[in-house]
Amino acid sequence: MITQTERLIIRPFTEQDCEALYLMNSNPAMLKYIPTAAFTSREQAVELFHQVIQTDYQQHGFGRWAVEHKADKRVIGFCGPKFIAEFNEVELGYRYFPEYWGTGIGTEAASAALAEFKRFGIEQTIALILEGNLGSEGVAKRVGMHWREQNEFMGHKVNIYAKLL
């Protein structure tokens, strides 16, 4: 486990979480502001786990973390750091199933995750938020991030928020 809050456990993903990874990456509502194609098979989630998430854990000592809802005992999204080579910076990223939007979970998880970043040698972070994603911008602002600039990432306009830790 990385950390926990009253409602959440934030921990590394395991192979048992591949079903949740599939659901997160195949849900059109969750992908509205994500510049990637929706998954069409569960094998894509297994590949994501092994080739991206585990690789990040091994190469950087950190990566996206599973967010488990204590009451539901299920993974409801992710929150955590990812090294973004294009910017040579670490991003705080987060995504949750729509039934948890508007419940404060995004801010709760992001605050808890940020509190652990220094333990992983992360001194500053950014959030890459696609233009129009006001919910994600709200989370970034509530955890003390400030708008830095507009840029492009994966062919899309993004607002970059930043924070020194």
Side-chain angles (χ1 to χ4, degrees), residues 1-14 16-42 44-45 48-49 52-53 56 62-82 84 89-117 122 125-163 165:
M1 181 172 57
I2 303 296
T3 190
Q4 63 180 317
T5 68
E6 185 179 322
R7 299 185 289 174
L8 308 170
I9 294 171
I10 299 172
R11 60 171 177 76
F13 277 102
T14 68
Q16 289 71 42
D17 299 320
C18 285
E19 179 66 15
L21 286 167
Y22 169 72
L23 295 172
M24 275 183 253
N25 287 286
S26 61
N27 183 321
M30 291 180 76
L31 298 175
K32 181 175 180 180
Y33 295 106
I34 308 299
T36 187
F39 283 6
T40 56
S41 74
R42 283 166 172 73
Q44 290 172 288
L48 173 70
F49 172 72
V52 178
I53 295 171
D56 283 346
F62 58 80
R64 302 292 197 221
W65 297 322
V67 176
E68 186 178 315
H69 196 269
K70 289 179 178 179
D72 298 347
K73 302 228 185 307
R74 68 182 273 243
V75 173
I76 62 166
F78 71 76
C79 183
K82 179 171 179 62
I84 306 295
E89 294 186 83
V90 175
E91 180 198 30
L92 167 68
Y94 38 85
R95 191 182 330 158
Y96 304 96
F97 289 111
E99 58 264 35
Y100 296 94
W101 296 352
T103 64
I105 279 177
T107 302
E108 183 178 333
S111 293
L114 282 173
E116 301 302 317
F117 274 28
I122 304 166
T125 189
I126 60 172
L128 302 170
I129 302 172
L130 259 68
E131 201 169 46
N133 190 346
L134 302 180
S136 283
E137 287 189 10
V139 170
K141 290 173 185 175
R142 284 190 293 278
V143 298
M145 300 183 89
H146 301 282
W147 186 86
R148 183 172 82 188
E149 66 181 303
Q150 190 173 71
N151 208 316
E152 277 203 14
F153 182 63
M154 297 177 71
H156 296 269
K157 285 186 179 177
V158 293
N159 286 307
I160 300 178
Y161 285 77
K163 180 176 183 166
L165 303 174

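Quick note: numbers below take in every heavy atom, side chains included, and nothing from hydrogens, waters or symmetry partners.
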Participant: Leu21 versus Ile53: any side-chain heavy-atom pair under 4.5 Å?
Facilitator: yes
Participant: Only counting residues at least two apart or in another chain, list the ones meeting ring pair (Phe, Tyr, Trp, His ring centres under 6.0 Å) with Phe97.
Facilitator: none
Participant: Are any non-hydrogen side-chain atoms of Thr3 and Thr5 less than 4.5 angstrom apart?
Facilitator: no
Participant: Does atom NE2 of His146 have more than 12 heavy-atom neighbours, drawn from other residues, nucleotides or ligands, at distances under 6.0 Å?
Facilitator: no
Participant: Where is the tightest heavy-atom contact between Asn159 and Glu131, given as atom of each residue plus distance?
Facilitator: ND2-CA, 4.3 Å
Participant: Side chains of Lys73 and Ile9: does their closest heavy-atom pair fall under 4.5 Å?
Facilitator: no
Participant: If I compare all heavy atoms of Asp56 with all of Gly63, which pair ends up nearest, and what's the gap?
Facilitator: CB-CA, 4.2 Å
Participant: For the NZ atom of Lys82 and the CZ atom of Arg64, what is their distance to the nearest 0.5 Å?
Facilitator: 6.5 Å
Participant: Do you know the tightest heavy-atom contact between Thr125 and Leu92?
Facilitator: OG1-N, 3.2 Å
Participant: Checking side chain to side chain contact (heavy atoms under 4.5 Å, CB included) against Leu8, which of His69, Glu68, Lys70 comes through?
Facilitator: His69
Participant: Can you name the nearest heavy-atom pair linking Ile10 to Ala109, along with the distance?
Facilitator: CD1-O, 3.6 Å
Participant: Kindly check if the number of other-residue, nucleotide or ligand heavy atoms within 6.0 Å of CD (Glu149) is above 12?
Facilitator: yes
Participant: Quick one: list whatever passes salt bridge (charged side-chain N to carboxylate O under 4.0 Å, His left out) with Glu137, sequence neighbours left out.
Facilitator: none
Participant: Less than 4.5 Å apart, side chain to side chain, heavy atoms only: is that true for Ile2 and Pro12?
Facilitator: yes
Participant: Just to verify, what does Tyr22 make a ring pair (Phe, Tyr, Trp, His ring centres under 6.0 Å) with, not counting sequence neighbours?
Facilitator: none
Participant: What is the minimum heavy-atom distance between Pro98 and Met30, and which atoms define it?
Facilitator: CD-CG, 3.7 Å
Participant: Could you tell me whether Glu108 and Arg142 make a salt bridge, using a distance below 4.0 angstrom between a side-chain N and a carboxylate O?
Facilitator: no
Participant: Please report the shortest heavy-atom distance between Leu31 and Arg95, naming the atom on each side.
Facilitator: CD2-NH1, 3.6 Å
